[in-house]
S.K.: 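Just dropping this structure here.
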Amino acid sequence: MLNIVLFGPPGAGKGTQSQKLIQKYGLIHLSTGDLLRSEIAQGTELGLKAKGLMDAGLLVPDEVVIGMIESKLAQNPNAAGFIFDGFPRTVPQAEALDQLLQKYDQGISCMVALEVPEEELVKRLLLRGQTSGRPDDADEVLIQKRVVEYNTKTAPVANYYAQQNKFYAINGIGEIDEIFNKSCEVIEACQAV
Ligand code: B4P
């Protein structure tokens, strides 16, 4: 199985690159952001709890997202592999993901980290906010808050995978296809190991 963690700050291009990577490698896309937004759209209890946190630019509790990923893994026992987009976002989530995959005798193949400076992230998300209707893209103060949340809670996850020799950083500035090609080079190098 090919299991890729696509990593980066909010607006780095994780969702954008995921769409291209799932097509090329026949993987299942697991975006915790998309799963949470779907719960919100359906008005579930989980969605109602998550909405307040997401709209405030905060992470939702680990156990909530870990539970969502656990059920998606169980629903797709014959998958060729998964792209984890926006997950794990904390070290406890990364530890839980390793434990979940171990149940299937699987593990993470590599982490592809998209590196984008903060001023570009803010620009991209404000632009997306003009059409996405996402409350968390609506204003700069909120976007900065998401970046702070990323720097304090999520950035350490890179080190977790670096310690396992699975961390690969890519410059996330440039044409979408150029970034995609660089991501494929990393993934194919991991597959060859
Ligand atoms: P996500 O849905 O994961 O949102 P995101 O980080 O903002 O999106 P992403 O990074 O995928 O956006 P993309 O670059 O594709 O999370 C939203 C919220 O959900 C979180 O704040 C949190 O509250 C909660 N949540 C999700 N997962 C969680 C977890 N595991 N634990 C706890 N809470 C969790 O796109 C950005 C824009 O850039 C797009 O408009 C795109 O067109 C543009 N773009 C992409 N590539 C570009 C390029 N190369 N050049 C120019 N523009 C580009």
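In each ligand, atom 1 is the first atom listed, and ligand 1 is the first ligand listed.
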S.K.: Which residue and non-hydrogen atom of the protein lie closest to atom 46 (N) of ligand 1, and at what distance in Å?
M.R.: Arg124 NH1, 3.7 Å
S.K.: Hey, does Asp137 come in under 3.5 Å of ligand 1, counting only N/O atoms on both sides?
M.R.: no
S.K.: Report the part of Val65 in contact with ligand 1, treating N, CA, C, O as backbone and CB onward as side chain, heavy atoms under 4.0 Å; options are side chain, backbone, both, neither.
M.R.: side chain
S.K.: For atom 18 (C) of ligand 1, what's the nearest protein heavy atom and its distance?
M.R.: Met54 CE, 3.8 Å
S.K.: Taking the six-membered ring of Tyr161 as reference, does the NZ or CZ atom of Lys166 fall below 6.0 Å from its centre and within a 45° cone about the axis?
M.R.: no
S.K.: Heavy-atom pairs closer than 4.0 Å: do any link ligand 1 to the side chain of Gln17, the backbone, both, or neither?
M.R.: neither
S.K.: Hey, which of Thr90, Leu53, Thr32 is the one that makes side chain to side chain contact (heavy atoms under 4.5 Å, CB included) with Leu59?
M.R.: Thr90
S.K.: Any idea which protein heavy atom is nearest atom 41 (C) of ligand 1, and the distance to it?
M.R.: Thr16 OG1, 3.6 Å
S.K.: List the closest protein heavy-atom neighbour of atom 26 (C) of ligand 1: residue, atom name, distance to the nearest 0.1 Å.
M.R.: Arg89 NH1, 3.3 Å
S.K.: Using heavy-atom distances, let me know which of Pro10, Ala50, Gly13 sits nearest atom 14 (O) of ligand 1.
M.R.: Gly13
S.K.: Give the numbers and elements of all ligand 1 atoms closer than 4.0 Å to a heavy atom of Phe87.
M.R.: 30 (N)
S.K.: Between Ile179 and ligand 1, find which residue part has any heavy-atom pair under 4.0 Å and reply side chain, backbone, both or neither.
M.R.: side chain
S.K.: So, the side chain of Ser183 versus the backbone of Ile179: is there a donor-acceptor pair under 3.5 Å, distance only?
M.R.: yes
S.K.: Check each atom of ligand 1 against the heavy atoms of Leu58 and keep those under 4.0 Å away; list them by number with element.
M.R.: 22 (C), 23 (O)
S.K.: Does any N or O of ligand 1 fall below 3.5 Å from an N or O anywhere on Gly15, backbone included?
M.R.: yes
S.K.: For Glu120, give me all partners under side chain to side chain donor-acceptor pair (under 3.5 Å), at least two apart in sequence or on another chain.
M.R.: Lys123, Arg124
S.K.: What part of Ala12, side chain from CB on, backbone N/CA/C/O, both or neither, has a heavy atom under 4.0 Å from ligand 1?
M.R.: backbone
S.K.: What do you reckon, does Thr32 have a nitrogen or oxygen under 3.5 Å from a nitrogen or oxygen of ligand 1?
M.R.: yes
S.K.: Among all the protein's non-hydrogen atoms, which is closest to atom 10 (O) of ligand 1, and how far away is it?
M.R.: Lys14 NZ, 2.8 Å
S.K.: Against ligand 1, does Gly174 come closer than 4.0 Å with any heavy atom?
M.R.: yes
S.K.: For atom 21 (O) of ligand 1, which protein heavy atom lies nearest, and how many Å away is it?
M.R.: Arg146 NE, 3.9 Å
S.K.: Considering residues, nucleotides and ligands other than Glu45, do more than 12 of their heavy atoms fall under 6.0 Å from its CD?
M.R.: no
S.K.: Would you mind checking which non-hydrogen protein atom is closest to atom 31 (N) of ligand 1, with the distance to 0.1 Å?
M.R.: Gln93 NE2, 3.0 Å
S.K.: Check the surroundings of atom CD in Glu188: do more than 12 heavy atoms from other residues, nucleotides or ligands lie under 6.0 Å from it?
M.R.: yes
S.K.: In chain order, what residues pass the salt bridge (charged side-chain N to carboxylate O under 4.0 Å, His left out) check against Arg89, with sequence neighbours excluded?
M.R.: none
S.K.: Should Val60 be listed as contacting ligand 1, given a heavy-atom distance under 4.0 Å as the test?
M.R.: yes
S.K.: Going by the order shown, which atoms of ligand 1 are within less than 4.0 Å of some heavy atom of Gly86?
M.R.: 27 (N), 28 (C), 29 (C), 30 (N)
S.K.: Measuring from non-hydrogen atoms of Arg37 to any atom of ligand 1, is the shortest distance under 4.0 Å?
M.R.: yes
S.K.: Under 4.0 angstrom from ligand 1, any heavy atom of Arg134?
M.R.: yes
